[in-house]
Amino acid sequence: MITDLDDLVGRIQDGASVAVAPDYSGCAMAAVRALIRHGTGNLHLLAVPQAGFQADMLIGAGSVSSVETAAITLGEHGFAPRFTDAVKNGRILLRDATCPAIHAGLQAAEKGIPFMPLRGILGSDLLVQRDDWQTLDNPFSEGDPIVVLPAIRPDVALFHAARADRQGNVWIGVRRELMLMAHAAKSTLVTVEEISDDDLLADEAYAAGTIPALYVSAIAQVRDGAWPVGLAGRYPADTAHLSEYTRLAKTAAGFQQYLDEHVRNRASAA
Amino acid sequence: MITDLDDLVGRIQDGASVAVAPDYSGCAMAAVRALIRHGTGNLHLLAVPQAGFQADMLIGAGSVSSVETAAITLGEHGFAPRFTDAVKNGRILLRDATCPAIHAGLQAAEKGIPFMPLRGILGSDLLVQRDDWQTLDNPFSEGDPIVVLPAIRPDVALFHAARADRQGNVWIGVRRELMLMAHAAKSTLVTVEEISDDDLLADEAYAAGTIPALYVSAIAQVRDGAWPVGLAGRYPADTAHLSEYTRLAKTAAGFQQYLDEHVRNRASAA
Amino acid sequence: MQYRTEELLITAIAPMLEGLAHVAVGAASPVPGAAALLARHRSAGRLRVSILASEHHTCFTDGGREIFDCAAQGRIDAFFLGGGQIDGGANINLVGIDGYPRSRVRFPGSFGSAFMYFVVPRVILFSVEHSRRVMVPRVDFVSAPGTSPDRVYRPGGPYGLVTSRCVFRFQKESARFVLHSVHPGQSLDDIREHTGFEFDVPAKINPTPEPTAEELALIRGQVGADIGETYPAFARRVLELEANRI
Amino acid sequence: MQYRTEELLITAIAPMLEGLAHVAVGAASPVPGAAALLARHRSAGRLRVSILASEHHTCFTDGGREIFDCAAQGRIDAFFLGGGQIDGGANINLVGIDGYPRSRVRFPGSFGSAFMYFVVPRVILFSVEHSRRVMVPRVDFVSAPGTSPDRVYRPGGPYGLVTSRCVFRFQKESARFVLHSVHPGQSLDDIREHTGFEFDVPAKINPTPEPTAEELALIRGQVGADIGETYPAFARRVLELEANRI
């Protein structure tokens with residue numbers, strides 16, 4: 001259950017569908033760098049429901065063949081340059097979605113149902129582009145069209161959290177989308193800041209924000225595992241470094257330079 | 001927001017649909033006694049997903065006209081005598097369900113969707129009896145029948161919890177069905193053991209198990225508000241008293257005696 | 001060594017859980033709960049046991065729906081269901097006898113049966129009472145059917161039926177019970193006399209093994225104390241544990 | 001008194017939130033976020049503001065889906081959406097320009113627009129840039145439509161459009177924008193010149209009120225510090241707050 005970062009990312013197969021969280025949630029940057037070093041490819045990235053630096057870096061490194069997301073953005077640092085470049089050059093298959101559609105698809109997998117209805121979306125070109133989304137007549141009221149979305153069951157949920165315990169329980173606090181990802185995914189891989197000796201489920205306060213070990217496949221302790229992105233309640237984002245990334249990533253050469261300095265160069269790579 | 005018990009139950013109208021929790025969750029016995037004293041009637045009781053002493057007492061007192069539930073049971077104290085009697089004499093409309101169907105119906109209301117699919121149930125007489133449940137062909141795969149359940153949006157969610165704060169946030173810990181009830185219901189009324197001066201949402205541990213005030217209509221502090229049923233992590237059930245109730249409730253006269261002694265007699269009625 | 005029927009049933013159920021990863025125990029199931037805790041003890045903790053309504057013997061943190069979602073995700077290997085009536089097709093009735101909705105005898109209700117019976121691979125039916133009142137030719141109300149047409153999504157279903165007289169296994173192909181073992185003091189004739197449905201009988205009938213001294217010590221010790229957290233009356237009445245042990 | 005365009009937009013948006021109970025702010029919305037916090041300040045705290053990605057200015061405890069579920073429950077009165085392209089029918093494009101999927105210009109994506117636009121009663125569109133590049137006759141990609149046929153469930157929709165040049169209100173009946181107020185230094189001709197879609201013009205055109213000294217003090221003070229928690233760069237660059245104030 002408790003392992004190291006290389007073993008953790010080594011469990012992700014080529015061609016796996018991998019669910020990741022937004023930069024303001026459980027952003028597993030150290031794991032993403034390890035995954036790039038590992039050379040795992042042809043990944044189907046699922047952003048829950050949007051992603052930032054993790055996605056841009058994996059796409060830039062050529063690890064990704066398709067992306068399902070409501071958005072890829074670097075927030076205040078602007079558009080995601082490697083994502084934008086890959087889209088323009090058709091290097092990734094795009095499956096544009098909208099935030100609640102991704103949550104709903106994961107909830108369908110969580111409930112073991114084949115699909116989930118969702119309001120809205122009708123008249124959006126997303127519905128035209130997504131051949132896996134359908135429109136149904138609400139069986140409970142005449143002439144009420146409603147969109148139905150297929151369950152989304154990722155091969156892997158990959159995220160970073162503040163704390164785990166030795167039993168493999170992972171504390172995520174109010175970042176409940178991480179629990180939804182763990183419930184929906186076939187396998188859940190987590191990096192954490194610290195591994196505590198106390199049973200998280202034995203503390204009535206922490207238990208409420210804890211993913212039980214039942215849903216967790218492996219955990220690796222990685223201090224500052226979200227760096228250069230921040231971790232809520234623990235440390236802020238390293239905005240200088242993120243600006244530097246955004247500047248370099250504007251060109252393929254600059255991005256390669258970033259990889260050489262901060263990813264392939266193991267020493268500085270968490 | 002913060003009020004007293006009489007005002008709290010006074011907000012429940014005759015004919016309202018009221019969602020209640022099982023005895024092992026947020027069982028609001030003091031509120032149930034106040035509701036009986038208040039004389040509110042024609043209630044549509046929704047057990048989430050089953051109920052015990054709250055339901056038997058409300059049914060015995062004649063406050064209930066219909067019950068939707070997966071079960072009414074007094075646990076180790078046996079069958080619920082007033083519920084059984086009401087069923088035999090056709091005094092309440094029965095809407096038998098199964099646990100996950102009630103959760104699914106509330107989740108549909110939580111998501112603002114008109115219905116939720118659910119596996120299982122096919123071939124059960126529940127489906128024959130429930131004219132509001134339907135069977136659909138899974139639009140994502142040929143020849144795969146699946147049950148669809150209408151959203152359940154109760155007028156009131158009524159439960160007891162350990163703690164609230166002055167802002168109206170309510171801590172429910174791992175008893176997440178109480179949060180689902182609050183999200184799904186039009187109005188949420190809560191009794192609590194204690195009201196703390198600290199903001200529950202400001203504590204990263206407690207925040208994870210807290211229902212935001214946004215969903216809470218009114219809160220009344222009632223110490224031992226679950227008595228004679230227990231409250232997890234706070235106090236055990238008063239098994240002697242529950243046995244006494246079960247013995248008396250076997251007859252209409254005995255139940256009336258119980259009401260006189262423990263409900264109508266305000267002094268002993270929390 | 002002296003033992004109670006419930007203790008025999010606990011040791012009869014425990015082997016059915018061997019090698020599994022996760023067993024869940026629902027409402028009103030002290031004997032299955034004790035059996036699961038006994039099996040967990042034997043597995044040196046590898047078996048995960050989730051007991052509904054327990055504070056300490058459950059890992060669930062997502063509310064009442066989680067046990068059902070978890071089962072639907074394929075993460076629960078075994079579950080237990082009872083029945084006020086059980087018939088030869090493994091249909092179970094948890095609702096009532098003789099008419100609906102105004103049943104002459106009303107049971108608590110279907111609980112999660114209409115769902116769990118479909119999604120949990122190994123559902124073990126359990127009934128202390130083994131009489132023609134419970135073991136009927138055809139249930140009055142089908143809370144959950146024993147089998148379903150092929151087109152119905154159903155990874156789960158009945159595995160066996162444990163009563164105070166014997167252990168049946170269920171055969172999905174024929175949709176019939178087959179006698180697996182007979183409890184001490186019971187004969188095939190006794191069982192036939194008290195069973196309202198037909199069942200298959202193998203050439204050789206095995207006796208249900210009696211609880212060993214070691215098993216009884218465990219049941220009356222740690223296992224009893226653990227199940228007593230959720231079922232104190234059962235632990236006191238049946239396992240004769242003092243309140244302070246629970 | 002000197003003020004920046006963003007500060008004018010903040011004070012132009014805030015009045016649109018008066019009297020509401022709950023305003024939510026989504027991704028990449030520092031100006032709307034600041035406007036919501038300003039309106040909250042004016043409401044003496046009665047207005048609840050939920051800012052996505054904020055640690056302190058949100059009450060949500062059920063994960064990323066809660067803001068959408070909450071809106072679907074009718075518990076969110078106003079929300080903000082931007083658009084790389086916005087047309088005269090209030091259709092918005094957050095995906096890309098010139099072709100799909102291989103767009104010549106790619107935006108981040110639709111975020112929650114295709115849902116929130118349908119369920120939030122008062123959706124305020126916002127775009128600092130007001131040019132024919134953004135304000136187009138017809139969007140290349142409809143992330144979310146401005147209006148829907150009657151049979152489509154849609155309690156929500158567009159309320160207004162705030163840009164660096166003016167404020168439009170949306171008329172559901174005609175599915176057209178009407179000019180509401182013109183910012184200082186802008187003329188109707190300027191707006192027509194830089195707007196690629198037709199819009200209605202009232203007999204009398206109001207000027208957009210300039211920020212008062214009291215409003216600017218608030219924006220550069222508490223409101224700026226609060227929004228700076230989620231948008232530090234915005235707070236530093238636009239509101240010129242020192243890092244230690246954020």
Side-chain angles (χ1 to χ4, degrees), chain A residues 21-25 47-50 69-77 79-80 83-84 87-90 93-94 96-104 106-107 118-129 138 143-146 172-180 232-233 236-237 239, chain D residues 26-28 30 52-55 58 60-69 71-72 91 93-96 100-119 139-156 230-234 237:
Chain A
D23 291 340
Y24 54 77
S25 181
V48 183
Q50 50 157 297
T69 187
I72 303 291
T73 169
L74 304 187
E76 284 197 289
H77 296 276
F79 287 3
F83 165 69
T84 308
V87 168
K88 284 189 193 165
N89 297 294
L93 173 67
L94 264 179
D96 267 288
T98 182
C99 304
I102 289 172
H103 294 302
L106 290 170
Q107 283 185 280
L118 189 65
R119 286 303 190 182
I121 304 177
L122 294 162
S124 165
D125 284 338
L126 293 172
L127 190 55
V128 177
Q129 296 297 335
N138 172 5
D144 174 23
I146 185 165
I172 47 102
V174 296
R175 295 267 49 115
R176 209 85 186 168
E177 61 276 4
L178 302 176
M179 184 177 287
L180 175 59
T239 50
Chain D
L52 183 74
S54 165
E55 273 176 63
T58 175
F60 293 135
T61 58
D62 208 19
R65 66 182 173 81
E66 185 174 6
I67 188 173
F68 305 103
D69 291 352
N91 302 300
N93 173 7
L94 296 156
V95 164
Y100 183 87
R102 292 184 62 167
S103 316
R104 181 174 50 78
V105 177
R106 170 73 201 198
F107 307 131
S110 301
F111 291 101
S113 64
F115 183 80
M116 297 298 264
Y117 215 19
F118 285 76
V119 297
V139 295
D140 290 16
F141 187 103
V142 179
S143 285
T147 54
S148 303
D150 289 346
R151 71 179 195 295
V152 171
Y153 174 87
R154 186 165 190 175
T230 309
Y231 298 101
F234 172 82
R237 198 186 65 256

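Just the heavy atoms: all of them, side chains too, but no hydrogens, waters or symmetry mates, feed the values below. A note on names: the letters A, B, ... follow the listed sequences, proteins ahead of strands, and every chain is numbered from 1. What you are looking at is a predicted structure, and each value in this text was computed from that prediction instead of being measured.
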Original post:
Are side-chain N/O atoms of D:Tyr100 and A:Asp96 paired as donor and acceptor at under 3.5 Å?
Top reply: yes
Original post:
Are the side chain of D:Arg102 and the backbone of A:Lys88 linked by a donor-acceptor contact shorter than 3.5 Å?
Top reply: yes
Looking at [options], which has the largest count of heavy-atom pairs under 4.5 Å with chain D?
options                     : value
A:Ser124, A:Ala104, A:Gly90 : A:Ser124
A:Gln50, A:Arg175, A:Glu76  : A:Glu76
A:Gly120, A:Ala97, A:Gly123 : A:Gly120
A:Gln107, A:His77, A:Arg119 : A:Arg119
A:Thr98, A:Asp125, A:Val174 : A:Asp125

Quick one: are [X] and [Y] in side-chain contact, heavy atoms under 4.5 Å?
X        : Y        : result
A:Pro145 : D:Tyr153 : no
A:Val48  : A:His103 : yes
D:Val95  : D:Ser110 : yes
D:Arg106 : A:Leu94  : yes

Original post:
Could you give the distance from CZ (A:Phe83) to CG (A:Leu74), rounded to the nearest 0.5 Å?
Top reply: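 Between A:Phe83 CZ and A:Leu74 CG, I get 10.5 Å after rounding to 0.5 Å.
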Counting only heavy atoms closer than 4.5 Å, note whether [X] contacts chain A via side chain, backbone, both or neither.
X        : answer
D:Ser113 : backbone
D:Ile67  : neither
D:Arg237 : neither

**OP:** Could you check which of D:Tyr117, D:Phe111, D:Phe234 has the highest count of heavy-atom pairs closer than 4.5 Å to chain A?
**Re:**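 Among D:Tyr117, D:Phe111, D:Phe234, the one with the most close pairs to chain A is D:Phe111.
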Subject >> Pairs of heavy atoms under 4.5 Å with chain A: top-ranked of D:Ala144, D:Ser143, D:Gly156 >> reply: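 Option with the top pair count is D:Ser143.
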Subject >> A:Asn89 atom CG, over 12 foreign heavy atoms within 6.0 Å >> reply: yes
Original post:
Using non-hydrogen atoms only, which part of A:Ala80 is less than 4.5 Å away from chain D: side chain, backbone, both, or neither?
Top reply: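 Interface part for A:Ala80: neither.
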